[in-house]
Structures are given as C-alpha cells and as structure tokens.
There are 2 protein chains.
Amino acid sequence: MIMIIISVMADKEAISKNFKKYLSSRGLRRTLQRDVIVREIIKSAKHLTADEIFERLRKKNPNIGYATVCRNLKLLYSAGIIDEIKIGNQKTRYELKSEDSHHDHLICVKCGKFIEVFSEKIEELQKEMARKERFIVLRHKLEIYGICKYCGEKGGERS
Amino acid sequence: MIMIIISVMADKEAISKNFKKYLSSRGLRRTLQRDVIVREIIKSAKHLTADEIFERLRKKNPNIGYATVCRNLKLLYSAGIIDEIKIGNQKTRYELKSEDSHHDHLICVKCGKFIEVFSEKIEELQKEMARKERFIVLRHKLEIYGICKYCGEKGGERS
DNA sequence: AACGCTAATGATAATCATTATCATTAAAAT
DNA sequence: ATTTTAATGATAATGATTATCATTAGCGTT
C-alpha cells in the first residue's frame, strides 16, 4: 500500500518536472495558471472537459480565464502530458497520460457513457498494419459504438 | 469484366431500392433533391464533404440548398447507405457504404492525407473485447495518426 | 531591486461547420 | 383537384474553439 502511494507521488512529481522541462526547453514561462491547471488535472477525475476544469479552478481562482484553460490544455497535450479524447461532436475531454493509461473506448449510443478497454494484440496488429505501409505511428484512436449491457438489458429501440 | 459491371450496376440499383424502401417505411417522401444527392454519391469519388457534394450538384441544379444536402447526408447515414468519416476537427466526409467498404485510416499528421487499411483480425479482436463487456457493437472507428512514407522519406521536423 | 523584453493572460470577438427556423413549395393520399 | 404535411431553401442561430489585443507578469540583465 505504501508502495502504491509512493509510486503515485513519484508520478505526480515526474509530471510536474516534465512539464517544467518542456516549458524551459522552449522558452516558455512557468505561470500560476499553468501550475493550478496541472495540479487540478492530477487530482481530478478522469476525462474532464475544458469547461469542467475551468469551473473547478474558478472556485479558488476567480480570475482565471476560460481561454487560458483551453490554451494550456492544448499545451499540455503538445507536451505529451495529457490525452485528448474527441468523440463525435462532444466537447473534447482531457485526462492525464501515463504508461498504462492508453485505452480504447466502447461508447454507448443510447446513454452516452463510455467504457475503457485495452487489447495488446490490437495494438500490435495496428503497428504491423502501419509497418506494411511504411507509416510511422504516433498515436491512435479506436472507438467502438454500440449498446452497453445496461441499455441492452433494459431492452428497447434502436438509435 | 462483364460480371464486374453487372455487379456494380446491381449495387447501384440496390442502393436506390433500399433508400426508397427506407423512405416509404418511415412515411418520408422521395424528392428530386434526394435522388440527385444519392446519384451524385454513387458516381462520385470517395469521401467527399457536404460542401464538395453541394458544389457538384450546384452545376446542374442551381437551386439546391446547402442545408438540404446536409440534411439528406444525415438521412442517408441514418438509413445505413453511406458512412460518415469524422477525423479530428476536419469537415465530415461521406462515402458510399458497401459490404467490403469498411476500413480503418492511417492519417498523416504532416500532409493530412489518409490511407485506408483493413485487418480482419483487428475486427475480430474488437468484437471479442466488446463481448466481454456484454456490449453490442454497431460500428467502430480506428484512426492511426503518424507520418506517411512520403513525408517520412523527405525527412524533417515533427509536428 | 529596478528595468526591459516579450510570453501569457483575460475578456471578448471571430470563426466555421453544422443545425434550427420558418415561410414557401411540392409529394402523395383522398 | 384538393388537402395534408414533409421537404426545401435562405438565412439566422448555435456552440465549441481560436484569434485578437490591451494589459499583466515571468525572468534574465543590469
């Protein structure tokens, strides 16, 4: 249990350290806003939208601007610190990225919820498929749309 | 060769027939606009945007409205006749759907072009993954972002 | 500690694909 | 031919994101 706590703490420190490294390597500045945004993402629930993060930060920092939140989420994405989850026309969601965080999504077209799944085999096959095309893979996105077990049980119409 | 031509023609007929069936089964009307939109999609190149289709139709039907094209593309999608390709923040693209038309995309982040690929194994693994979650799959979308062989050869910076 | 440079911020306007509105037109059933 | 109402076309509205720009504030230098 202690091990887990230590490892989580180490991750958090690593995230901040990487971000600072990223900023200074590009001549960007460390600001109060950037600090609170990163901290909020570290402690928050998964996959939040820009305005959810904005609202949370507002409580403690009434002067922070929405544009600043959006801008810095994009920056954190560019820095490889967070993932961007774009599903259909929904608002973009963000979540902390870590070694084991990659996952695909099963998206229920009835209730809108999404389940995270992962398959090492699928990842490998994707790489193989790309290799055949001499294509260098940077990232990927797999979304499976359908009806989740709860909506399926309740029975009902197609959407 | 004749076989191929016949099969293509049969497909086109089947598409129109299915669409008419879809319309009448829902008390929707067959209109001139719907006819020309379907015909344009059948004869056009792959994955066109709504405004590309609009522009093509404009030449022969100067009175057709953009909203009508958008509305009916959505309708054709609901009818299961065409596929909707949404990549990032790009405009939505549409293309005729057929038994063998499903494919995933390798998307080059440098030149923006996309390559269509397909893996039966990946499809199977996806179904298996969904089955474990008691999730009924309706459709899916796999996008692999990276650098294509042409952009890779030319060497150069990351994006 | 003050200065200067300029990145970053915050408020707001702009963007842009898509959707809604609504008066008019035209399918299709009677 | 008439009636009903779905569909159309022009345009306004939507809404998330991005750009603009005057002001603020990091941060290296003096």
Side-chain angles (χ1 to χ4, degrees), chain A residues 16 19-40 47-79 82-94 112, chain B residues 16 19-40 47-79 82-94 112:
Chain A
S16 296
F19 188 40
K20 283 173 202 166
K21 208 180 290 176
Y22 181 85
L23 291 176
S24 64
S25 74
R26 312 220 164 189
L28 304 176
R29 293 167 185 175
R30 184 181 170 193
T31 64
L32 178 63
Q33 289 85 343
R34 285 176 178 165
D35 279 357
V36 298
I37 291 167
V38 172
R39 276 208 298 273
E40 186 59 38
H47 35 71
L48 296 175
T49 61
D51 61 87
E52 280 165 356
I53 293 167
F54 174 62
E55 283 309 325
R56 282 163 189 240
L57 293 175
R58 262 265 153 125
K59 290 171 189 167
K60 298 255 178 182
N61 311 69
N63 296 324
I64 200 164
Y66 182 62
T68 300
V69 174
C70 284
R71 266 191 298 245
N72 285 308
L73 286 171
K74 281 221 159 306
L75 181 69
L76 286 164
Y77 177 62
S78 302
I82 59 176
D83 273 326
E84 216 179 44
I85 305 170
K86 290 187 182 188
I87 292 175
N89 291 324
Q90 291 175 39
K91 291 181 191 175
T92 304
R93 291 177 176 279
Y94 297 92
Chain B
S16 296
F19 188 39
K20 284 173 201 165
K21 208 181 289 180
Y22 182 85
L23 291 176
S24 65
S25 74
R26 310 219 168 191
L28 303 175
R29 293 170 185 173
R30 184 180 169 193
T31 65
L32 177 65
Q33 290 86 342
R34 283 175 180 167
D35 279 356
V36 297
I37 290 167
V38 171
R39 278 207 298 271
E40 187 60 37
H47 35 71
L48 296 174
T49 61
D51 61 88
E52 281 166 356
I53 294 167
F54 174 61
E55 283 309 328
R56 284 164 187 238
L57 293 177
R58 262 268 153 122
K59 290 170 189 164
K60 298 257 178 180
N61 312 69
N63 295 324
I64 200 164
Y66 183 63
T68 300
V69 174
C70 285
R71 266 191 298 243
N72 285 309
L73 287 171
K74 280 221 159 310
L75 181 68
L76 286 164
Y77 176 62
S78 301
I82 59 176
D83 272 326
E84 218 180 42
I85 305 171
K86 290 187 181 188
I87 292 175
N89 291 324
Q90 291 175 37
K91 291 183 192 176
T92 304
R93 292 177 176 278
Y94 296 92

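Chain letters run A, B, ... following the sequence lines, proteins first and then strands; every chain starts at 1. Just so it is clear, the values below take in all heavy atoms, side chains as well, and ignore hydrogens, waters and symmetry mates.
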- Looking at residues at least two apart in the chain, or sitting in another chain, which of them share a side-chain contact (heavy atoms from CB on, under 4.5 Å) with Thr49(B)? Asp51(B), Glu52(B), Lys91(B), Arg93(B)

- Task: Would you indicate what Asn72(B) reaches in the nucleic acid, counting non-hydrogen atoms under 4.0 angstrom: base, sugar-phosphate, or nothing?
- Result: sugar-phosphate

- Residues which pass side-chain contact (heavy atoms from CB on, under 4.5 Å) with Asn61(B), listed by chain and number, not counting sequence neighbours: Val36(B), Ile64(B)

- For DNA chain C, the residues among residues 85-92 of chain A that have a non-hydrogen atom under 4.0 Å from it: none

- Please list all pairs passing the ring-ring contact (aromatic ring centres under 6.0 Å, His included) test where one or both residues lie in residues 20-40 of chain B, with sequence neighbours left out. none

- Hey, can you pull the residues of residues 25-34 of chain A with a non-hydrogen atom under 4.0 angstrom from DNA chain D? Arg29(A), Arg30(A)

- Task: Can you run down the salt bridge (charged side-chain N to carboxylate O under 4.0 Å, His left out) pairs that involve residues 27-37 of chain A, sequence neighbours left out, and say none if there aren't any?
- Result: Arg30(A)-Asp35(A)

- Note on the structure: Across all chains, not counting sequence neighbours, the ring-ring contact (aromatic ring centres under 6.0 Å, His included) partners of Phe54(B) are Tyr66(B)

So which protein N/O to nucleotides 10-13 of chain D N/O distances come out below 3.5 Å?
none

- Message: How bent is the helix from dA1(C)-dT30(D) to dT30(C)-dA1(D), measuring the angle between the end axes built from five pairs each, rounded to 10°?
- Response: 30°

- Item | Pairing residues for Ala67(A) by the side-chain contact (heavy atoms from CB on, under 4.5 Å) criterion, not counting sequence neighbours | Arg71(A)

- Task: Taking side-chain contact (heavy atoms from CB on, under 4.5 Å) as the test, write out the residues that go with Lys86(A), two or more places apart.
- Result: Glu84(A), Thr92(A), Lys141(A), Asn89(B)

